[in-house]
Amino acid sequence: MSQGDVLAITEQSDNVFRKVTYEALSEGRRIADSMGCGLTAVVLGAGENVAKELGQYGADRILVADNHVLNEYMADAHTNVVADIVSREKPATIIVGASTQGKDMSARLAARINAPLAIDCVDVRIDNGDLLVTRPMYGGKILADIVFDGKPQILAIRPNSMSIAEHAAAGAIEILDVDVGETNLKFIEKKLDTGKIELTEADVVVAGGRGMGGSDFSVIEELADLLGGALGASRSAVDEDWRPLADQVGQTGKVVSPNLYIACGISGAIQHLAGMSSSKVVVAVNKDPEASIFSKADYGIVGDLFEVVPLITEEIRKLVK
Amino acid sequence: MEILVCIKRVPDTSENEIIVNRNGTNIELEDLVYSVNEWDNYAVEEAIQIRDRVGGSVTVVTVGDEEAEEVVRREMAMGADKGILLSDEVFNGSDGKGVAGIIKAEVEKGKYDLILTGALADDGAGQVGGMLAAMLDWPYASLVICLEEIDDKKIKIGREIEGGNLEMLEINLPCVLSIQTGINEPRYVGIRGIRKTASVEIPVHGAEELGLSSESVGESGSNLKRLDYFVPDPGEGAEILEGSADEIVEKLVELLKVRGGIK
């Protein structure tokens with residue numbers, strides 16, 4: 001097997017790393033240990049002070065490109081820089097989080113350097129010295145095991161699929177002087193709905209369906225807020241215009257895998273189940289004992305969500321206090 | 001504005017159970033109904049709206065077998081001006097990179113200012129747009145949810161980023177954009193519309209016309225080897241909690257504490 005390190009491309013916004021970055025680093029460390037190679041982290045658009053903590057997550061070396069052009073993600077500039085780093089470092093494996101940005105950049109990078117890419121990996125194993133990854137297809141109804149042909153192999157890992165492990169490593173910082181190249185994109189502004197938690201990265205998702213009966217989701221919103229979670233919706237709730245499309249969980253919406261998924265008034269159409277069945281613990285509240293959501297749930301409550309959910313909120317509030 | 005929209009004919013899997021074939025090499029496709037990838041309708045609708053605003057034409061293109069022609073006609077019935085089918089036996093088994101390479105060859109035969117794709121397709125990777133852009137060395141933006149000012153040099157767009165937030169960018173033309181659902185409401189296509197495009201000639205371009213070697217496409221051009229398809233463990237179904245509402249909720253919270261669902 002040709003030697004070469006694992007290169008983890010990190011993602012930060014306003015000097016804070018995304019959770020999936022820690023997941024990618026931790027998984028990168030596990031791969032590096034099995035392969036007997038090192039782990040190098042790449043930090044773009046942030047300084048040494050921000051980057052140094054990555055040593056705690058297993059990075060032997062941390063390459064820092066603190067160029068202000070890279071502060072906001074620009075597909076072309078970021079790809080230029082990463083492609084340069086790849087040609088210099090010659091990694092065997094590149095690992096990145098399959099966030100919006102990570103998917104965008106990894107597809108562009110793969111075409112640029114003609115490397116194999118697997119997007120949304122949910123499992124990574126080593127088989128006879130080769131990486132074998134599992135990725136969901138058709139919204140998670142099917143899984144496919146894939147091996148790569150060629151190096152470097154690029155893995156974009158699905159948020160919330162890999163565990164974060166602290167692992168003290170040298171974390172030696174190297175400052176890079178990078179050539180950003182030409183950019184055909186100009187950042188104008190971000191319109192942020194602050195405080196809203198990204199569905200695909202949330203630890204807890206509380207979702208409402210047709211059983212909500214209208215656009216007032218406050219009863220489940222309260223529970224989501226209390227748990228520090230995100231609000232989701234079924235396709236029927238979105239079709240009714242009760243919630244924006246961005247909240248839709250399912251095969252034609254977002255695929256989520258939180259620690260806890262609470263489905264309220266969701267019957268569990270197949271396309272919805274595809275979007276949430278990889279959640280670790282699923283609780284379903286539904287009036288209909290025959291609802292198919294119960295087939296994918298760990299715990300079921302047959303009852304009126306407007307009665308049950310406030311009681312859950314109340315009970316959990318006691319714990320939080 | 002000359003606009004190219006990449007579309008795909010896919011099995012409708014969203015409302016159906018899917019079965020893996022006997023060898024585990026693909027899903028069982030036989031009983032599935034095919035249609036245009038739902039996401040692509042948003043891209044075609046957006047292209048038509050841009051054309052109606054600034055002039056020009058909309059061409060839809062797909063990579064597939066002769067049956068893929070039906071989705072080209074459907075999108076032409078929506079209002080696209082032209083359709084192109086990229087079809088050749090050697091294209092079979094192409095992965096995302098292969099498909100991007102085939103479309104790139106077609107793009108270079110024409111003169112386009114803007115290429116739109118759907119945000120993703122049935123297999124969920126959503127990678128062809130980004131790869132195509134990189135191959136053409138054009139700028140690219142994914143998950144475009146609003147499209148504001150447009151002139152012959154640049155477009156102002158909004159991308160959906162994490163948390164349902166919006167990032168506003170200016171992107172130079174020519175460029176590739178992947179269009180997110182919700183940007184518009186794709187128009188309805190009636191039987192009459194489809195009938196009108198039924199006899200339109202759809203040009204078919206193969207590997208030779210596109211100047212593609214058979215090694216660069218299809219299975220031989222793929223650098224992912226698919227080993228195995230399988231269906232995830234269905235799980236055992238829910239434990240239904242019984243008792244009074246208060247008892248149930250108390251029980252649930254205890255269980256979640258143990259399972260680590262809540263802290």
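Chain A is the first sequence line, chain B the second, and so forth, proteins listed ahead of strands; every chain is numbered from 1.
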So, for Met131(B) and Ala110(A), which heavy atoms are closest and what is the spacing to 0.1 Å? CE-CB, 4.0 Å
As an exercise, state the distance from CD of Gln101(A) to CD of Glu167(B), rounded to the nearest 0.5 Å. 8.5 Å
Glu219(B), CD atom: more than 12 neighbouring heavy atoms under 6.0 Å: no
Residue, of Leu199(A), Val308(A), Val283(A), Val302(A), that accumulates the most heavy atom pairs under 4.5 Å with chain B: Val283(A)
Derivation and outcome, side chain to side chain contact (heavy atoms under 4.5 Å, CB included), residues Lys257(B) and Leu319(A): CA-CA 10 Å; Lys257(B) 272 198 282 187; Leu319(A) 290 178; 3.6 Å; yes
Under 4.5 Å heavy-atom distance to chain A, tell me which part of Lys156(B) shows up: side chain, backbone, both or neither. side chain
May I ask you to test the Leu143(A)-Val231(B) pair for a side-chain heavy-atom distance under 4.5 Å? no
Over 12 non-hydrogen atoms of neighbours within 6.0 angstrom of CG in Asn23(B): yes
The interface call for Ile312(A) against chain B, heavy-atom contacts under 4.5 Å, is both
Determine whether Leu169(B) and Ile188(A) make a side-chain contact, defined as any pair of heavy atoms from C-beta on separated by less than 4.5 Å. no
Could you look at Leu245(A) and say if it's the side chain, the backbone, both or neither that has a heavy atom under 4.5 Å from chain B? side chain
Quick one, Asn172(B) with Lys186(A), criterion side chain to side chain donor-acceptor pair (under 3.5 Å). Give me CA distance, side-chain angles, the key distance, then yes/no. CA-CA 9 Å; Asn172(B) 292 344; Lys186(A) 197 172 96 197; over 6 Å; no
If one checks every heavy atom of Ile240(B) against chain A at 4.5 Å, the contacting part turns out to be both
Drop me the distance from Met168(B)'s CE to Phe187(A)'s CZ, to the nearest 0.5 angstrom. 10.5 Å
For Lys254(A), is there an ion pair with Glu160(B) - N to carboxylate O distance below 4.0 angstrom? yes
Name the region of Met74(A), side chain, backbone, both or neither, that has any atom closer than 4.5 Å to a heavy atom of chain B. side chain
How far apart are the C-alpha atoms of Tyr229(B) and Asp145(A), what are their side-chain angles, what is the distance that settles it, and do they pass the side chain to side chain contact (heavy atoms under 4.5 Å, CB included) test? CA-CA 6 Å; Tyr229(B) 280 58; Asp145(A) 278 347; over 6 Å; no
Do you see a donor-acceptor pair shorter than 3.5 Å between the side chains of Lys154(B) and Asn184(A)? no
State the CD1-CG distance between Ile146(A) and Leu224(B), to the nearest 0.5 angstrom. 5.5 Å
Contacting region of Ser278(A) [heavy-atom separation from chain B under 4.5 Å]: neither
Between Asn165(B) and Lys190(A), is there a side-chain heavy-atom distance shorter than 4.5 Å? no
Neighbours of chain A found in residues 177-185 of chain B - heavy atoms under 4.5 Å: Thr181(B), Gly182(B)
Among the listed options Ala246(A), Pro116(A), Ala111(A), the residue most often paired with chain B at heavy-atom distances under 4.5 Å: Pro116(A)
Tell me, for Ser99(A) versus chain B, whether the close heavy atoms (under 4.5 Å) come from the side chain, the backbone, both or neither. both
Using side chain to side chain contact (heavy atoms under 4.5 Å, CB included), reason through Leu166(B) and Glu189(A) one step at a time and then give a plain yes or no. CA-CA 9 Å; Leu166(B) 195 64; Glu189(A) 60 174 333; over 6 Å; no
So which of Ile142(A), Ile301(A), Leu185(A) has the largest heavy-atom pair count under 4.5 angstrom toward chain B? Ile142(A)
Rounding to 0.5 Å, atoms CD1 (Ile161(B)) and CD (Glu72(A)) come to a distance of 8.0 Å
Would you check if Asp76(A) and Tyr140(B) make a side-chain contact, meaning some heavy-atom pair closer than 4.5 Å? no
Verdict with reasoning, Asp104(A) to Arg159(B), per side chain to side chain contact (heavy atoms under 4.5 Å, CB included): CA-CA 12 Å; Asp104(A) 192 303; Arg159(B) 295 180 61 224; 3.5 Å; yes
Inter-residue atom distance Gln127(B).CD - Leu117(A).CG, 0.5 Å rounding: 5.5 Å
What part of Asp247(A) is in contact with chain B, defined as an atom under 4.5 angstrom from a non-hydrogen atom: side chain, backbone, both or neither? neither
With a cut-off of 6.0 Å (strictly less than), are more than 12 heavy atoms of other residues, nucleotides or ligands near CG of Asn128(A)? no
If you take all heavy atoms of Ala133(B) and Arg108(A), which pair is closest and at what distance? CB-NH1, 3.4 Å
Where on Val282(A) is there a heavy atom nearer than 4.5 Å to chain B: the side chain, the backbone, both, or neither? neither
Checking salt bridge (charged side-chain N to carboxylate O under 4.0 Å, His left out) for the pair Arg235(A)/Glu38(B): CA distance, chi angles, key distance, verdict? CA-CA 14 Å; Arg235(A) 184 174 189 158; Glu38(B) 192 180 328; 3.0 Å; yes
Heavy-atom contact with chain B under 4.5 Å, split by part of Gln153(A): neither
Counting only heavy atoms not in Ile270(A) (residues, nucleotides, ligands), do more than 12 fall under 6.0 Å from its CD1? yes
At a heavy-atom separation under 4.5 Å, does Ala274(A) approach chain B through its side chain, its backbone, both, or neither? neither
Residue Lys280(A) versus chain B: region with a heavy atom under 4.5 Å: backbone
Measure Ala245(B) against the heavy atoms of chain A and call it side chain, backbone, both or neither at under 4.5 Å. both
Which answer fits Leu109(A), side chain, backbone, both or neither, if we ask what part of it has an atom under 4.5 Å from a heavy atom of chain B? neither
Please state whether the side chain, the backbone, both or neither of Ile18(B) comes within less than 4.5 Å of a heavy atom of chain A. both
Nearest 0.5 Å, please: how far is CG in Asp149(A) from OG in Ser222(B)? 8.0 Å
Which region of Ala98(A), side chain (C-beta onward) or backbone (N, CA, C, O), has a non-hydrogen atom less than 4.5 Å from a non-hydrogen atom of chain B, or is it both or neither? neither
